[in-house]
Amino acid sequence: MLIRPWDAPHDDAERQRWPAAHGFGRLAANGLPGEAPWVRPPHFAHDAGRGEAVAHLARPNPLWAALEAGPEVVLSVVDDHVYVPGPWQAPPEEPAEHGTPTSFHTAVQLRCTAHPVDDPEAEADLLNRQTGHFQPEGGSARVAAGEVPYGRPLSGIRGIRLEVTGVRAEFEYADHRPAGTRERIAAGLAARGGPGDAAAREHLLRRGPGA
């Protein structure tokens, strides 16, 4: 992934905080010989303190064969993305129709070593961690091996612990554009109010020079 200097994270906290708040991505593993890479979109719980993310997959999922052949994977997360019309991007001294359309987005790639979790007690703990991450208000029974209501379905899945070995992150929100152009983009996003516009505008204002 190409990361230009102005799109790089401002600090490690920014790079670590974002994937923890965006728990759905694409898990990519090398395919078996002669096959294309395998990609699976899972929910995951990222814990920067532990340096890992946890997820689970159905036991029959063909991705397991790829993970057993090569446990090095990439967990890719892309969100807060919007289309930016060309006129919004035009430099202040140029005609609006000369502006270049672009996309704003955040992209984080966690390079990981995948560790299958098959012990029933450890698997139950992993699932409880995931549920606690996405459902902190509670309301669901805890998972416990051999106990209702989830003990029986537990045999149909396998947990996966993703040990993070590297992180690459890109925050593409026109940090290198002149202040006047950035203000026009921010105003355009606010007026349009479409899906993702509010989040993209927040990044634009937060990451701007002098912000």
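Only heavy atoms go into these numbers, but all of them, side chains included; no hydrogens, no water, no symmetry mates.
Contact annotation: the side chain of Pro87 never approaches that of Glu97 to less than 4.5 Å [non-hydrogen atoms, C-beta and beyond]. No side-chain heavy atom of Ile157 sits less than 4.5 Å from a side-chain heavy atom of Arg59. At a threshold of 4.5 Å between non-hydrogen side-chain atoms, the residues Pro42 and Phe24 do not count as touching. Residues Pro19 and His46 meet the side-chain proximity criterion, which asks for heavy atoms closer than 4.5 Å.
Between the side chain of Thr131 and the main chain of Leu127, a donor-acceptor pair closer than 3.5 Å is present. Checking side-chain atoms of Arg4 against main-chain N and O of Glu172 turns up no donor-acceptor pair under 3.5 Å. Under a 3.5 Å cut-off, the side chain of His22 and the backbone N or O of Trp18 do form a donor-acceptor pair. Of the possible donor and acceptor atoms, none in the side chain of Arg40 sits under 3.5 Å from a partner among the backbone N and O of Leu27. Using a distance-only test at 3.5 Å, with no hydrogens or angles considered, a donor-acceptor pair links the side chain of Glu14 to the main chain of His10. With hydrogens and angles ignored, the 3.5 Å screen pairs no side-chain donor or acceptor of Tyr173 with any backbone N or O of Glu202. Counting only distance, with no hydrogens or angles, the side chain of Gln130 and the backbone of Ala45 share no donor-acceptor pair below 3.5 Å.
The 12-atom threshold is exceeded at CD of Glu35, counting heavy atoms of other residues, nucleotides or ligands nearer than 6.0 Å. More than 12 heavy atoms of other residues, nucleotides or ligands sit less than 6.0 Å from atom CZ of Arg192. No more than 12 heavy atoms of other residues, nucleotides or ligands sit less than 6.0 Å from atom CZ of Arg142. Surrounding CZ of Arg111 are at most 12 heavy atoms belonging to other residues, nucleotides or ligands under 6.0 Å away.
With no hydrogens or angles considered, no side-chain donor-acceptor pair links Thr106 and Glu170 at under 3.5 Å.
Going from atom NE2 of His81 over to atom CG of Asp197 covers 11.5 Å, rounded to the nearest 0.5 Å. Summarising the geometry, atom CG belonging to Asp7 is positioned 8.0 Å from atom CG belonging to Leu2; distances are rounded to the nearest 0.5 Å. Interatomic distance, CZ of Arg168 versus CD1 of Ile3, reported as 4.0 Å (0.5 Å rounding). Note: Arg15 CZ to Leu110 CG = 10.0 Å, rounded to the nearest 0.5 Å. Here the straight-line distance linking atom CG of Asn128 with atom CD of Gln135 works out to 11.0 Å at 0.5 Å rounding. Note: Asn61 CG to Ile160 CD1 = 9.5 Å, rounded to the nearest 0.5 Å.
Heavy atoms only, all atoms of each residue included: Ala186 and Leu205 are closest at CB-CD2, 4.1 Å. In plain terms, the two heavy atoms of Arg207 and Arg182 that are nearest each other are C-NH2, 4.0 Å. For Asp118 against Glu123, the heavy-atom pair with the smallest separation is O-OE1, 4.1 Å. Contact record, Pro92 with Arg184: CA-NH2, 4.1 Å, taken as the closest heavy-atom pair. Considering all non-hydrogen atoms of both residues, Thr181 and Ala90 come closest at OG1-O, 3.3 Å. Nearest approach of Ala53 to Val164, heavy atoms of both residues: N-CG2, 4.4 Å.
Under the 4.5 Å side-chain heavy-atom criterion for Ile, Leu, Val, Met, Phe, Trp and Tyr, Leu162 and Val167 are members of the same hydrophobic cluster. Val54 and Phe44 fall into different hydrophobic clusters, where Ile, Leu, Val, Met, Phe, Trp and Tyr residues are linked whenever their side-chain heavy atoms come under 4.5 Å apart, directly or through other members. One hydrophobic cluster holds both Trp88 and Phe104 under the rule that ILVMFWY side chains link at heavy-atom gaps under 4.5 Å. One hydrophobic cluster, built from ILVMFWY side chains closer than 4.5 Å, cannot hold both Leu75 and Val117; they sit in different ones. The hydrophobic cluster containing Val77 also contains Trp38, counting ILVMFWY residues as joined when their side-chain heavy atoms lie under 4.5 angstrom apart, directly or transitively.
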Please test His105 against Asp80 for side chain to side chain contact (heavy atoms under 4.5 Å, CB included), starting from the C-alpha separation and ending with a verdict. CA-CA 5 Å; His105 65 271; Asp80 298 343; over 6 Å; no
Would you please test Val84 and Val82 for side chain to side chain contact (heavy atoms under 4.5 Å, CB included) and show each step? CA-CA 6 Å; Val84 179; Val82 296; 4.3 Å; yes
Tell me, with the steps shown, if Gln109 and Ser76 meet side chain to side chain contact (heavy atoms under 4.5 Å, CB included). CA-CA 4 Å; Gln109 296 178 351; Ser76 175; 4.2 Å; yes
Step by step, work out the side chain to side chain contact (heavy atoms under 4.5 Å, CB included) result for Leu57 and Leu63. CA-CA 9 Å; Leu57 305 174; Leu63 186 66; 3.6 Å; yes
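A salt bridge is defined here as a Lys NZ or Arg NE, NH1 or NH2 lying under 4.0 Å from an Asp or Glu carboxylate O, and Arg158 with Glu68 meets this definition. Salt-bridge formation is not detected for the pair Arg206/Asp175: no Lys NZ or Arg NE/NH1/NH2 atom is positioned less than 4.0 Å from an Asp or Glu carboxylate oxygen. A salt bridge is defined here as a Lys NZ or Arg NE, NH1 or NH2 lying under 4.0 Å from an Asp or Glu carboxylate O, and Arg152 with Glu147 fails to meet this definition. A salt bridge links Glu52 to Arg129: at least one charged side-chain nitrogen sits closer than 4.0 Å to a carboxylate oxygen.
The aromatic rings of Trp6 and His176 lie parallel to each other, with less than 30° between the two planes, well short of the 60° mark.
Among Thr113, Asn30, Thr165, the single residue meeting the side chain to side chain donor-acceptor pair (under 3.5 Å) criterion with Glu72 is Thr113.
The aromatic ring centres of His43 and Phe134 sit less than 6.0 Å apart.
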